[in-house]
Amino acid sequence: MISEVASQYDAKEVEGKVRKFWEDRGIYARARTMRTGGRKFFFVDGPPYTTGRIHLGTAWNKIIKDSILRYRSMNGFEIKDRAGWDMHGLPIEVKVEEYLGFKSKKDIETYGVDRFIDKCKEFALSQKDQMTVQFKTLGAWLNWEDPYMTLKDEYLEAAWWTLKRANERGLLERGFRVVNWCPRCETAIADAEVEYWEETDPSIYVKFPVVGEENTFMMIWTTTPWTIPANVGVAVHPQFEYSKVRAWKDDPEKAEILIMASSLVENVLREGRYRDYEVLESFAGTHLEGLEYSHPLADLIPAQRDIEHTVHLADFVTAENTGSVHIAPGHGLEDFELGVAEGMEIFCPVGEDGRYTSEAGEKYAGKYVRAANREVDEDLADRGLLLAEGEIVHRYGHCWRCKTPIIYIATPQWFLKISEIRDDMLEEIAKVKWYPDWAGSARFRDWISGARDWCISRQRYWGIPLPIWICETCGKMEVIGSMEELHQRSGASIGDLHRPAVDLVTIKCSCGGEMRRVPDVFDVWFDSAVASWATLNYPRDKDQINEWWPADFITEGHDQTRGWFYSQLGASMVSFGVAPYRSVLMHGFTLDDKGKKMSKSIGNVVSPEEVVGKFGADTLRLYVLSSNAPWEDIHFSWEEVANTHRMLNILWNAYRFPLPYMILDGFDPTKTTLDMVKESLRPEDRWILSRANTLAREVETSMGSYQLQRATRAIADFVLEDLSRWYIQLVRPRTWIETDDPDKLAAYATIREVMATLAKLLAPFAPFTAETIYQNLVRGTDPEVPESVHLCDWHRPREGLIDPALEEEMALVREVVEAVSNARQKGGRKLRWPVAEVMISPDKEIPDLKDLLPVLKSQTNSKRVTVNAVGEKPRMEIALNPVPKKIGPAFKGEAQKVIQAIKDANLDEVAELVKLKEAEKKEVFRESPVVFSWHLKGYDIPLDMVEFLEKIPENLVAADFSSGTVYVDVTLTEDLKAEGYAREVIRRIQDMRKEMDLRVEEEIEASVRLDDEEVAGLLERMKDYIAGEVRARRLQVGSEVEVEGSLVKDWSIEDLEMTIGVLRG
RNA sequence: GGGCCCGUAGCUUAGCAUGGUUGGAGCGCACGGCUGAUAACCGUGAGGUCACGCGUUCGAAUCGCGUCGGGCCCA
């Protein structure tokens, strides 16, 4: 049974019903199980971090995934699609710390690590649940019942196993390295976790006293005075030229000797407010190598007294500030590398809490480094070693969770030696199919080329514990790969692999000593890095991985180039030596309408709930899918969202329009199939069927390269242009036919077929609307078909129904109708008034329109349509135009008479002129030109003195289309007038029926009073026609008519007053 | 500072890999039309230094270089 539907597209209602239907009938699960045995499609969900709220970007991400998976499923693929959740790490720790009011790690220890971990877990799980609901609202079909969660034991084991593999392959290394360090969180953080923004910092120029040369200084510049206590060297560039200058302020006798890059001398002396200087000597940087200097604060920092300070050569030095760089290997990455290479002491007198240790000397010990900047400046100044101090605004790194400025300190950490497998990685990504291509060939490639060793250890609690045990006695190290292995090695059974339980497990070493776990946890990026096998429960489950791995497809935002695309590749190369994915679609970001990033502080954030609340999930889905190519950023625009919604509303109207008629006629598509009405199909029916299948082809092609915007735009264009604006207009009169006319049944069957096709094409993108249409028009009439549109096979284009020639013809017809519309407007004749003739004059070959002439006639409301041969035009009236500029000089005094004679020329005389002009045209091609003259009333008039003006006859109005011109004859005859007035009256009565809320088939009695005898007479002639159109049992028209009815209204038609009454029959 | 991407009407965009009639649409605006899809729909019109500059070419929105603005990532 087909049912009538709401007159407005109500997303909330539609989506609520469909969601319930899916749940009640277990449609999702069936969609997956029914494809068992099909070609496998392994999709790995990039796990969103469990923040509790999804944003527009994550919504878009899941919508893309869902559309592609639905499409694949309909195409017969057996799909693996566990949803994933990223649940460990600092962000949750920080939230829980805030919630508990903690300030440092000590608070956590006091509170109890076990209780803290429980809280983190609780937090992560509840936020996961909240987000699941939000994703489901979007219609995103993933396996939500059994998602992979990074906090599950089997997931932890996947990470453990991977690290064990890394160790077996010699890619795990413990190293003393300089790392990004958050002094508040007291942990190393990854490069990816550092957030940069502008910060004001000191900018100081410091003089380092050269040993053995009185009053001589190496000049260095720094923005981190607190690193001066850890200084152990100075670097200069071997190729730069340096100068030793004698500079003074007031008294030349009190001059100092300063060493710096020659090109920067002026700059440094200006900073130090020197009055004048002289260059003593200049030399290459190499000349300075080995030069010894003393630490400027050696008297305050006892440890510095035993360190030898010298100048070193380094390529990373730039010609800025002084051209000499202060080197503190304990506090800088380049410093550290240079320090190790040059055998410097790695001096790091700063603790994990960001405070100086006792090694920094009594004066500094216990002070927070950034707060000590001022004090270091003063101490330098007191010793006469501060040349200048100022401020600088520059980008500085911060902990992306707690926003504390990071510091660099040298600490022992665990690393994966990515630098050793970099080349293999480059080789592997070349085998991956990237959408768009440059995401892999340019962007990702660049990133990997610069890849460094990956610091995977964190000094935190809520994460996967590093499965590394070290013997306290002999230092032997062992990496454990699973819970079972841990049990076998230690004898201990623990219910949960998280801290702190795992910290207590000890293993007997072969030396007889006791092995303890290193206290670190994994960098949270390592969690998601193992997702492609963890989601298959590998290594616990050894079978699935053979069936599915590697992933066929993943898709994430372009920030994941350095994130998940990379971390997964790294972990997979370490474990398996190949890339974990076969194809990657990189998508964009959602920005605001001005192209700016959405941020809470600017207040331009739009949430997905807001959009869904106002317009519904299908609108949001179609909007994000169609607005851009997936890899471009979306500039979110409410206006465009509203526009998308409008399209859905039009689709809804197109869908619901035929329903009442079909119901009234008891239309049963299983009994009246398209095949059965084949003979009755009109050309326009064949046309819309052709268009629908052409559309299917376009959608398929676009999906082949993940051009979701092309697929969805093609569908929207079809709905608006072909279905709503054209086919529905053409088919309307046929639905009013009352008998069981084959013509009507053909229309019904066509509409149903087109809507069924459209529902399937729309299913991946607007699953709710598609389901609603399908349930009513397809499933509702045929219990044999699949229960849901999402259980259907994809609508493969039916080539037999595609007729390109017909599509071309119809395109032309539409152009002509448009042109006629244009001409009518120029001629002041509205469409309701029929015209006698439309004449098409092509100026080039056009397709044969024979089949479509009835369409042309009805849509242009004309009595006759004529198609002329190419170049043939209606007979023009020809006006002669004398050219006074030429006539004047030749005829002088006679000129005015000649001009008048030309104007007065009779038809015969004009005909002679036409003949001459044509002859002249041909003459051009001959060797000897002949001068023609027109003999008129005794004058010989050279032809260039007369021009033709073609004048369209009064009764015609013209308008151009792409292949010619249309002429519309707007002459009004009595018959045309009668019909025009009749249609005006019909339209008013229909309007009143509508106002009275009458059912389509209900009968009425109507009366029309007007004071114009002529028009009354015309209407009288059309009485039967009018009565038929408005279903009036009785109709009275005239000046004496007594108007009565349940509704009486006055109307003004073409400046003529009428009173119309409608009585419920 | 570096890499990759983007910049077309007030707004959202097509076209750009393979340079070639007057750069297409939609929304919004103005005017008109249609009417049992009706809080919908259709036509016409106005609206463009194709971010800017230089170059290649007979010819550039399209190719190259540079500048500016935006995004992601890095330093």
Side-chain angles (χ1 to χ4, degrees), chain A residues 7-9 191-192 194 196 316 318 320 333-334 394-395 397 436-447 449-450 557-563 566 586 588-597 623 626-629 631-644 646-647 649-661 709-710 713 716-717 720-721 723-726 728-729 731-733 735-736 814 817-826 828-833 859 861 959 983 986-995 997-1002 1029-1031:
Chain A
S7 65
Q8 284 288 299
Y9 171 64
D191 290 344
V194 179
Y196 291 85
F316 61 75
T318 57
E320 289 167 310
L333 193 76
E334 286 172 324
H394 64 159
R395 284 166 68 76
D437 183 67
W438 50 259
S441 63
R443 212 166 195 233
F444 198 37
R445 197 177 179 81
D446 284 351
W447 170 251
S449 305
H558 42 47
D559 56 332
Q560 296 303 331
T561 304
R562 69 157 191 192
Y566 175 70
M586 183 182 84
F589 264 53
T590 46
L591 310 174
D592 76 2
D593 53 355
K594 294 182 185 62
K596 297 264 191 209
K597 149 159 79 182
Y623 169 67
S626 64
S627 68
N628 290 103
W631 46 85
E632 278 170 11
D633 294 343
I634 287 181
H635 293 192
F636 184 86
S637 155
W638 278 111
E639 223 177 294
E640 286 304 307
V641 175
N643 206 16
T644 306
R646 190 185 66 109
M647 189 279 288
N649 191 37
I650 291 170
L651 168 62
W652 186 261
N653 282 332
Y655 148 66
R656 92 180 174 90
F657 141 76
L659 300 181
Y661 307 103
Q709 87 286 13
R710 295 212 169 149
R713 283 177 189 178
D717 282 352
L720 294 175
E721 289 297 325
L723 187 62
S724 167
R725 287 182 196 160
W726 199 242
I728 297 288
Q729 300 308 326
V731 91
R732 266 159 68 173
T735 60
W736 304 335
R814 298 187 65 179
V817 171
E818 240 173 65
V820 169
S821 209
N822 188 356
R824 275 175 167 277
Q825 198 169 333
K826 282 192 222 167
R829 186 74 71 238
K830 39 182 164 172
L831 190 57
R832 204 140 52 210
W833 290 65
Q859 292 313 106
N861 191 17
R983 289 188 57 170
I986 290 166
R987 142 102 185 88
R988 266 60 173 198
I989 296 176
Q990 300 288 37
D991 199 75
M992 291 169 73
R993 285 186 61 117
K994 189 84 196 165
E995 197 177 325
D997 223 11
L998 294 180
R999 275 178 292 114
V1000 175
E1001 71 278 12
E1002 239 173 302
E1029 287 293 308
V1030 301
R1031 288 180 188 254

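First the proteins, then the strands, lettered A, B, ... as listed; each starts at 1. Side-chain atoms are counted along with the backbone in the values below, which use heavy atoms only and exclude waters and symmetry mates. Quick caveat: nothing in here was measured; it's all calculated off a predicted structure.
- A sub-4.0 Å separation between OP1 or OP2 of B:A37 and a side-chain N or O of A:Arg732 is present.
- Spacing of P atoms, B:U12 relative to B:G53, comes out at 22 Å, to the nearest Å.
- Interface remark: the A:Ser724 side chain does not form any donor-acceptor pair with the B:A40 base, using a distance-only criterion of under 3.5 Å.
- In this structure, of B:C4, B:C34, B:C11, it is B:C11 that holds the atom nearest to the side chain of A:Ser637.
- Taking atom C1' on both B:G20 and B:A60, the two are 10 Å apart, rounded to the nearest angstrom.
- Side chains of A:Asn643 and A:Arg646: a donor-acceptor N/O pair is present below 3.5 angstrom, by distance only.
- Nearest nucleotide to the side chain of A:Glu640, out of B:G33, B:G71, B:C11: B:C11.
- Across every strand in view, B:G59 sits unpaired, with no contact that passes the Watson-Crick or G-U test at under 3.5 angstrom.
- Spacing of C1' atoms, B:G55 relative to B:U62, comes out at 15 Å, to the nearest Å.
- Contact annotation: A:Arg832 side-chain N/O to B:G33 OP1/OP2 distance is not under 4.0 Å.
- Atom pair A:Met586:CE and B:C6:P shows a separation of 10 Å (rounding to whole Å applied).
- When the nucleotides B:A37, B:G26, B:G71 are ranked by their closest atom to the side chain of A:Ile728, B:A37 comes out on top.
- Taking the C1' atom of each, B:A9 and B:U67 are spaced 24 Å apart, rounded to whole Å.
- Summarising the base pairing, B:C31 is matched to B:G43 through a Watson-Crick or G-U wobble pair whose two defining distances lie under 3.5 Å.
- Distances shown here put every side-chain N or O of A:Asn653 at or beyond 4.0 Å from the OP1 or OP2 atom of B:C41.
- On the C1' atoms, B:G43 is 33 Å away from B:G7, given to the nearest whole Å.
- Rounded to the nearest Å, the gap between the P atom of B:C63 and that of B:G45 is 32 Å.
- Aromatic rings from A:Phe444 and A:Trp447 are positioned such that their centres are separated by 6.0 Å or more.
- Each of A:Asp559 and A:Ser821 was assigned the nucleotide of RNA chain B with the nearest heavy atom; the assignment lying further toward the 5' end belongs to A:Ser821.
- Nucleotides B:A46 and B:C41 place their P atoms 23 Å apart, quoted to the nearest Å.
- Annotated as syn: B:A17, whose glycosidic dihedral is within 90° of 0.
- Under the Watson-Crick or G-U wobble criterion, with both distances below 3.5 Å, B:G69 is paired with B:C6.
- The shortest distance between the side-chain N/O atoms of A:Arg710 and the OP1/OP2 oxygens of B:A14 is not below 4.0 Å.
- Straight-line distance between the P atoms of B:U21 and B:G66: roughly 29 Å, to the nearest whole Å.
- Closest heavy-atom contact between A:Arg988 and A:Arg832: NH1-NH2, 3.6 Å.
- Neither OP1 nor OP2 of B:G33 sits under 4.0 Å from any side-chain N or O of A:Arg983.
- In this structure, the nucleotide among B:A14, B:C34, B:C72 sitting nearest to the side chain of A:Phe589 is B:C72.
- Distance from the side chain of A:Gln729 is smallest to B:C41 among B:G33, B:C41, B:G26.
- Nucleic acid contact class of A:Glu639 (heavy atoms, under 4.0 Å, all strands): base.
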